[in-house]
Amino acid sequence: MKSKSLGFLYAEVIRPDSELVQKHLKTLTQMVRIDSRSFGVNEFEGDRTTPSDMREILECARDYLLEIGLSEVKINNARFPILMAETFVSEEKPTVLFYAHLDKQPYMDDGRFKKWGGTPPTQLRWNEDRSRAYGRGAADDLSGVVSIGMAIDAIFKHVGIKTGENPKEKISQLPCNIKIIYETEEESGSHSLIDQIHENEEFFKGIHCVVITDVVNPAQGKPGLTTSLRGIIQMDVTVKAEREDVAIDEQTALYKLLATLIRADHSLGIPKISNADRQVTDAEREGYKRVPTSVSALKKTAGLLPNTRLTVSEDIPSMLIAQLRTSFANVRPGHRVTGSVILGVAGARLTFPDIRDSKEFKGRLEKILTEQNRYNLELKIKIISEKPLSIDVILRSAEKDPHSGVNGGPVPVAELQLARMIDDLISSDGQWHPQLEQLRIAEEETNRVQVQALRADHDLTGQLFEEKSARSWVEIRLAPGNNEVQAEAALRSHLEKNIPPGVELDIKPDKGASPWMTEIAHPVFPLILDSLEKGFGEKACLYGCGGTIPFVAKLMQALGNVHPLCLGAYDPDCRMHEPGESLSMPDLMGCTRAIIYFLSRIDEGYRNPAA
């Protein structure tokens, strides 16, 4: 592809108001409309009762790629199907595999969709200047799906390939062999992916590099090449009393257990995991200083309240190292449908029977909790009833529920801070904090504190869960250097060793994926960095992602020596996994142009692909 024709593709074809871009945005609108939530059954009253089978969105994606002109497109017959498409050119040309996923996070709202501005998240909604479009999946990862499709469509049109017409003389003009995989299990861990790769061994043969469009850029319109990802382990943990005469109730025992996951400085309290984190070099720290972001921008992305303190120093390298290269814990107590988020608000109802002077008690409690509030979270203490004395304690760190992968690390987790407060208030033998014990009337076995988790909202109100069992999701984001299997064993061992006396633990492992990090010595890496700069019109930086893409490590494990190129088709303000998720047009356009430029020069990265 000549540089002159490439400039035409940039200037005339890949612009927001062009005919080609508008065509692909129609497909995006259609895909947002389809309910392809990866989980979230019974998320709200009247919601679905069985998971999506993904068939509708897979068929939509199949028709989309066939219309573009891909030679072969098929959907495999599996529990979590993958779509595979390809156009083969020649053994003498390199093969590029493109990856994106079609499954989405839950809506994180009730059926009125107030958090989405009253518009259903299946209805794509544009802002006034059409620089941003709102809808579930619009960024994560339909922007990646469409960026891939749009780039290939532009190149196909340029060489004259049409739907259903694949003359050899036209196909031979393509710069490389093209393969595409669209997955439907990414949000729930890509558990079956390796098996499906082995089952479709022929399709995955001969791949030189994989372009993954499922990461975030450091700032809107500022490209980054992601070279590291955190992994994840997640467990569904329930605490049950072994007998009736246990000194503390089940929910108190759960909070005391959760409190052990972090140290006083909020760092991870599981040495076998934290000690495995790969050390950041001086050169890497210097590189983080050059990432085009700011302390205020990183705080804004996490939605931190103005007075909330970070868990690390307020400088860019410390914040980025905490959210990209450090393992951290996150928990979500209670029975609720949640994606991978840090709940910005946490709450519990504490009922203290037989106390004297409720006003004095509340005052002492407030003083104790204020002294414990190391990160200056917004704190609300409200008496719900006098006899027995029931008090709601609510903590708020952020104005939203930020993504646990992208933002987790420098952000204090309100639920864990609440757990540490409860742990300090109530000992395992049922004794209260000394200042509160002074106001206790009796010390009978029935005179124990009752703790109940609250579904707390950002207006600092809370409601009890209908389901009363003491249950929590426990999530650890694993920094490079860790291994999923070893980390899961370490977390399980930690929980079992720290369970309070008199209660038993039920642990159900959920999603898991190992972290990933790549070297960048191969010529294809400077080529993609240059392509990003050309596509976005901005200098590209080496970056990382604190989130997890199970596909990457699993693909590297399955395919071996394949070069992973992780490009951002969305920006930090996209609010992926949160209510109000949105697509950034500057990032969609930039990523698409970068792919076109990269493919046009792919021979520079692989001079002798057949070898």
Exercise for the section: State, with a plain yes or no, whether a side-chain heavy atom of Leu261 is found less than 4.5 Å away from one of Ile270. Expected result: yes
Exercise for the section: Examine distances only and state if a side-chain atom of Arg325 and a backbone atom of Ala479 form a donor-acceptor pair shorter than 3.5 Å. Expected result: no
Exercise for the section: Would you kindly say whether Thr227 and Thr518 are connected by a side-chain donor-acceptor distance under 3.5 Å? Expected result: no
Exercise for the section: Compare all side-chain heavy atoms of Glu314 with those of Arg309 and state whether any distance is below 4.5 angstrom. Expected result: no
Problem - Any donor-acceptor pair under 3.5 Å from Ser514 side chain to Gly231 backbone - result: no
Practice task
Using modelled atom types only, decide if a donor and an acceptor are shared between the side chain of Asn177 and the backbone of Ser90 within a distance under 3.5 Å.
Solution key: yes
Problem - Lys497: salt bridge (charged side-chain N to carboxylate O under 4.0 Å, His left out) partners, not counting sequence neighbours - result: none
Exercise for the section: For the pair Lys104 and Glu581, find out whether any cationic side-chain nitrogen is under 4.0 Å from an anionic carboxylate oxygen. Expected result: no
Exercise for the section: For Thr87 and Ser71, indicate whether the former's side chain and the latter's backbone hold a donor-acceptor pair under 3.5 Å. Expected result: yes
Exercise for the section: For the residue pair Tyr597 and Arg593, confirm or rule out a side-chain donor-acceptor distance under 3.5 Å. Expected result: no
Practice task
Please indicate whether Asp282 has more than 12 foreign heavy atoms, meaning atoms of other residues, nucleotides or ligands, lying under 6.0 Å from its CG.
Solution key: no
Exercise for the section: Determine whether Tyr543 and Leu320 make a side-chain contact, defined as any pair of heavy atoms from C-beta on separated by less than 4.5 Å. Expected result: yes
Problem - His522 and His563 aromatic ring geometry - parallel, tilted or perpendicular at 30°/60° bounds - result: tilted
Practice task
Examine distances only and state if a side-chain atom of Lys299 and a backbone atom of Val411 form a donor-acceptor pair shorter than 3.5 Å.
Solution key: no
Problem - Centroid-centroid under 6.0 Å between His266 and Phe328 rings - result: no
Problem - Member of Gln220, Lys222, Arg132 meeting the side-chain contact (heavy atoms from CB on, under 4.5 Å) criterion with Asp587 - result: Gln220
Exercise for the section: Compare all side-chain heavy atoms of Val96 with those of Leu565 and state whether any distance is below 4.5 angstrom. Expected result: no
Problem - Thr548 and Arg477: side chain donor to acceptor below 3.5 Å - result: yes
Completion exercise
Test side-chain contact (heavy atoms from CB on, under 4.5 Å), reference Ser313, set Thr311, Leu310, Asp315, output is Asp315
Handout entry: Straight-line distance of Lys179 NZ to Ile207 CD1, nearest 0.5 Å
Key = 5.5 Å
Handout entry: Donor-acceptor under 3.5 Å (Arg332 side chain, Val341 main chain)
Key = yes
Practice task
For atom CZ of Arg263, decide whether the heavy atoms of other residues, nucleotides or ligands shown that lie under 6.0 angstrom number more than 12.
Solution key: yes
Exercise for the section: Using modelled atom types only, decide if a donor and an acceptor are shared between the side chain of Lys554 and the backbone of Ser190 within a distance under 3.5 Å. Expected result: yes
Handout entry: Flag, side chain of Thr213 to backbone of Gly144, donor-acceptor distance under 3.5 Å
Key = yes
Practice task
Keeping the roles fixed (side chain from His494, backbone from Thr260), state whether a donor-acceptor pair exists under 3.5 Å.
Solution key: yes
Practice task
Report yes or no: do Glu199 and Asn76 form a side-chain donor-acceptor pair below 3.5 Å?
Solution key: no
